[in-house]
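Structure, as structure tokens:
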Protein chains: 2
Amino acid sequence: MPYGDAMNARVRSEERRAEIVRAALEVIAERGYRGASLAAVAERVGLTQQGLLHYFPTKEALLVAVLKERDQWDAVPATRWRIDLLASLVEYNAMRPGIIQTFSALLGESVTEGHPARGYFTDRYRQVRESMAAVLRTEYGDRLPNGLTPERTAPLLVAVMDGLQYQWLLDPDAVDMPGAFRDFLALLGEEA
Amino acid sequence: MPYGDAMNARVRSEERRAEIVRAALEVIAERGYRGASLAAVAERVGLTQQGLLHYFPTKEALLVAVLKERDQWDAVPATRWRIDLLASLVEYNAMRPGIIQTFSALLGESVTEGHPARGYFTDRYRQVRESMAAVLRTEYGDRLPNGLTPERTAPLLVAVMDGLQYQWLLDPDAVDMPGAFRDFLALLGEEA
DNA sequence: AACGAAACCTACCGCGTTACAGGTAACGGG
DNA sequence: CCCGTTACCTGTAACGCGGTAGGTTTCGTT
């Protein structure tokens with residue numbers, strides 16, 4: 001079983017799948033998961049709905065692929081984050097409304113009964129809180145204002161990021177997301 | 001035009017409408033607005049879908065009624081809020097997951113294109129930010145930590161409330177929503 | 001050149017959705 | 001007692017949805 005050109009087909013298939021996932025991200029941003037139709041995603045990559053089902057046998061399978069992509073996306077810098085990089089991330093996000101909108105819509109839907117992304121988000125947030133607590137500890141040690149521990153502060157940090165995103169998506173001109181986030185970080189920088 | 005019993009019919013009708021709105025709140029909490037079918041709402045109040053349309057001519061009209069109810073709901077204490085009442089509100093919310101879930105799901109959906117609740121939330125958040133800024137000013141004056149102004153702090157306050165709600169809805173056991181919110185308030189209480 | 005698999009497409013099914021049309025029974029006011 | 005309004009219901013139109021079945025073309029391998 002030679003590899004040489006057998007890979008070509010595989011690579012092309014993988015590229016097509018990635019293309020589809022990208023389109024799905026867009027459509028979900030515009031309509032949410034429930035509102036996103038396979039046909040709309042398919043059209044965006046020049047396929048019929050049934051053609052799309054050749055790559056992802058069900059709508060849920062496509063969603064799983066979307067979520068997996070997301071994991072991969074920020075798994076890279078997850079190794080060692082620092083507070084200032086976090087601020088940069090928010091700034092970066094402010095230039096990519098699409099991605100934010102996708103996952104804000106998804107997060108909102110996920111609190112709904114029987115939503116296929118619910119488990120994903122539950123796990124993810126638990127993980128993110130832990131990760132943020134670690135970041136806070138390496139940055140500030142246990143010397144956070146008001147006797148707060150990193151573990152108790154982490155949910156706040158995450159909440160601020162998410163909450164600001166919603167306000168910003170609804171009214172970008174009224175909310176300076178990166179600025180507000182820096183304000184919050186400054187609040188944590190204060191010595192008790 | 002005598003009022004006496006003419007009111008009876010009107011009252012009964014109004015009660016029915018309120019009943020329907022209540023059912024709609026539930027169904028939206030469970031499935032979101034897009035996922036909520038008129039038939040499901042109707043069934044919950046013992047009507048057919050067409051019977052429901054007698055009270056609300058379109059699905060969107062029903063949503064508008066739901067949002068109006070919400071406005072009325074917290075318009076009462078909006079006259080004069082204080083920080084400690086805010087903490088109590090969060091505590092109260094923690095005992096009513098249903099309502100929170102309804103509006104968290106709705107907020108998530110609303111960032112989506114052409115969602116009928118988008119305008120509502122945009123206006124509302126602008127208003128809430130103003131209101132919160134006023135609360136912060138009466139509580140702390142302009143003496144917030146780190147030279148923050150009430151206007152710059154308000155978005156953070158709102159973001160924390162919303163963000164905590166999502167984390168809490170996804171994993172109630174892992175997140176102490178009222179406690180975390182108090183932590184945040186304590187952060188603001190620190191003198192610069 | 002032949003073959004087998006991958007990459008699509010057409011056709012179709014069954015269901016759920018909002019909304020419209022029109023009918024009917026109850027009920028309250030004159 | 002009549003009559004108009006209110007409060008529903010049945011029937012149905014029109015459409016979009018996810019998913020299945022099965023065929024056909026394309027293409028790399030042998």
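First the proteins, then the strands, lettered A, B, ... as listed; each starts at 1.
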Whole-Å distance, A:Leu62 CG to D:dG19 P, equals 10 Å
DNA chain C: B:Gln50 or A:Gln50, which has the more 5' nearest nucleotide? A:Gln50
Rounded distance in Å - CD (B:Glu15) to P (D:dA7): 12 Å
Quickly work out the B:His54 NE2 to C:dA19 C1' distance and round it to whole Å. 16 Å
With a 4.0 Å cutoff (strictly under), does any side-chain N or O of A:Thr48 reach OP1 or OP2 of C:dC9? yes
What integer distance in Å separates A:Glu43:CD from D:dG16:C1'? 14 Å
Which of D:dC8, D:dG19, C:dT10 is nearest the side chain of A:Gln49? It is D:dG19
Taking the side chain as every heavy atom from C-beta outward, state whether A:Pro155 and B:Trp168 have any pair of such atoms under 4.5 Å apart. no
Considering just the side-chain nitrogens and oxygens of A:Ser37, establish if one lies under 4.0 Å of OP1 or OP2 belonging to D:dG16. no
Look at the side chain of A:Arg12 and decide which nucleotide, out of D:dG18, C:dC8, D:dG28, has an atom nearest to it. D:dG28
Roughly, in whole Å, what's the span from CZ in A:Arg16 to C1' in D:dT26? 14 Å
Rounded distance (Å) that lies between atom P of D:dG22 and atom CG of A:Leu53: 17 Å
Ring of A:Tyr120, cation from A:Lys68 - is the NZ or CZ under 6.0 Å from the centre and inside 45° of the axis? no
Starting at CG of B:Leu52 and ending at P of C:dA19, how long is that distance when rounded to a whole Å? 11 Å
At 4.0 Å (heavy atoms only), tell me whether A:Leu38 reaches a base, stays on the sugar-phosphate, or touches nothing. sugar-phosphate
Below 4.5 Å, heavy atoms only, C-beta onward: do A:Thr149 and A:Leu144 meet side chain to side chain? no
Tell me which nucleotide among C:dA7, D:dA7, C:dT10 gets nearest to the side chain of A:Tyr55. C:dA7
Using the ring of each side chain (for Trp, its six-membered ring), is A:His115 parallel, tilted or perpendicular to A:Tyr33, with breaks at 30° and 60°? perpendicular
Would you give the length of the straight line joining atom CG of A:Leu169 to atom CE of A:Met177, rounded to the nearest 0.5 angstrom? 7.5 Å
Given atom CZ of B:Arg34 and atom P of D:dC17, what is their separation to the nearest angstrom? 12 Å
Using a 4.0 Å heavy-atom cut-off, does B:Ala36 contact any base of the nucleic acid, only the sugar-phosphate backbone, or nothing at all? sugar-phosphate
When you measure from the side chain of B:Ser13, which nucleotide among D:dA7, D:dG19, D:dC9 comes out closest? D:dA7
